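Note that the structure is predicted; figures quoted are calculated from it, not measured. One-based numbering, in listed order, for ligands and for the atoms of each.
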Amino acid sequence: MKVPLLDLQAQYASVRDGVQQAVERVLASQRFVLGDEVRQLESSIAEYCQTKHAVGCASGSDALLLALMALDVQAGDEVLTTPFSFFATAAAIARLGARPVFVDIDPRSYNIDTARVADAVTPRTKVIMPVHLYGQCAEMDPLLEVGRRRGIPVVEDAAQAIGATDNGRRAGSMGLMGCFSFYPTKNLGGAGDGGILTTNDDQMAARLRRLRTHGGVNEYEHAEIGINSRLDELQAAVLRVKFPSLDEWSEERSLKAAFYSQLLNDADLSFPLTVPQVRADCRHIFHQYVIRVPGHRDALMEHLKTRGVGTKVYYPIPLHEQECFSYLGYKRGQFPEAEAAARETLALPVYPELTEAQQVYVVQAIKEFRPEN
Ligand SMILES: Cc1ncc(COP(=O)(O)O)c(C=O)c1O
């Protein structure tokens, strides 16, 4: 049996007709940038995320950049974030000349350790930017509390977490802004790059709309220097076809995750393995299902590969150890939890179309793994 890490073709089969009609509609209109498709997607996403506004842009990476630009983040500023995320999180901060200040993670959730955040705040801290990793919200209340006390806005990197909740509140609705990615592998993925920002703040929404079109107030009239980061109509049209299925797909992912955890907890393995922990009162949308296997991660991945099971590490090098951030002066050993997670975790296949038989096969293959020491 083959169990790929992800099977986008299976999903496409279920939306193919709608996607093809939507693409044809846009082609027939010959309106490709920031038109009705984008406006309607923005309004659906704002409603879904429980925010007043949503502003489409070219990618999740640009959503982060635009959010920080809208807060005037610049050289000399510090932005608190996690060292255990996709590169774009820290890159957005560094691109503006500001300094990413990393705070180690909670080893249970892999999200920023909120107990350490207050101590990392300095007079230069301009933004707190948690990441909702793997589809589970960072613990928002303590972060929002530090932000309130110190007058620092919170921007959510919700790229992996559309529809996740923390005590009933949707990802992207708790901080001043939320940043989402429509990269094809996301729970709601387009046919290429795309992203969106959410906010309840009228002024921020207006500024984001301006910044994504080169800071233009009217055509050829520029109030400030923005970037070109527009969501195109083709992407928005494809996303609108998939959007009504998002909750069902995320629910399916959660069911698969629960089934994996049940099978793995009952498996009586000969080596330690930790399944993902879901925080109480939270909805985890399982963008990734990530297990922890101290000491044997790479050997287990090799073993699963020989059995036809796809796995991947998100992320093998913590951000403070990336070569391009060496100028920040961080050293290995400084964020032991992030470093351990990078060494010990791996993602198993999880997607709505994954079958029970495939899951049983994956867990059987894990049971048959014999670590060498
Ligand atoms: C946590 C996180 N932040 C930011 C991004 C960037 O999104 P994009 O790939 O759409 O630029 C991603 C996507 O991969 C992500 O996972």
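- E78 and T122 share a side-chain donor-acceptor pair at under 3.5 Å.
- In summary, of the residues considered (V55, T51, I162), a side-chain contact (heavy atoms from CB on, under 4.5 Å) with I45 occurs for I162 alone.
- Below 30°, between 30° and 60°, or above 60°: for F369 and F271 the angle between ring planes is above 60°, a perpendicular geometry.
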Show me the short polar-atom pairs for ligand 1: any N or O of it lying under 3.5 Å from a protein N or O, with distances only.
{"unit_1": "ligand 1", "atom_1": "3 (N)", "unit_2": "D157", "atom_2": "OD1", "d": "3.2"}
{"unit_1": "ligand 1", "atom_1": "3 (N)", "unit_2": "D157", "atom_2": "OD2", "d": "2.8"}
{"unit_1": "ligand 1", "atom_1": "7 (O)", "unit_2": "S61", "atom_2": "N", "d": "3.4"}
{"unit_1": "ligand 1", "atom_1": "7 (O)", "unit_2": "S181", "atom_2": "OG", "d": "3.4"}
{"unit_1": "ligand 1", "atom_1": "10 (O)", "unit_2": "G60", "atom_2": "N", "d": "2.8"}
{"unit_1": "ligand 1", "atom_1": "10 (O)", "unit_2": "S181", "atom_2": "OG", "d": "2.7"}
{"unit_1": "ligand 1", "atom_1": "11 (O)", "unit_2": "G60", "atom_2": "N", "d": "3.4"}
{"unit_1": "ligand 1", "atom_1": "11 (O)", "unit_2": "S61", "atom_2": "N", "d": "2.8"}
{"unit_1": "ligand 1", "atom_1": "11 (O)", "unit_2": "S61", "atom_2": "OG", "d": "2.5"}
{"unit_1": "ligand 1", "atom_1": "14 (O)", "unit_2": "K186", "atom_2": "NZ", "d": "2.8"}
{"unit_1": "ligand 1", "atom_1": "16 (O)", "unit_2": "Q160", "atom_2": "NE2", "d": "2.8"}

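- Here the rule is side-chain contact (heavy atoms from CB on, under 4.5 Å) with V362, and of L354, V350, V3 only V3 fits it.
- Among residues at least two apart or in separate chains, side chain to side chain donor-acceptor pair (under 3.5 Å) pairs with a member in residues 303-318 are Q160-Y315, R307-E368.
- Classification of the F102-F335 ring pair by plane angle, with boundaries at 30° and 60°, yields perpendicular.
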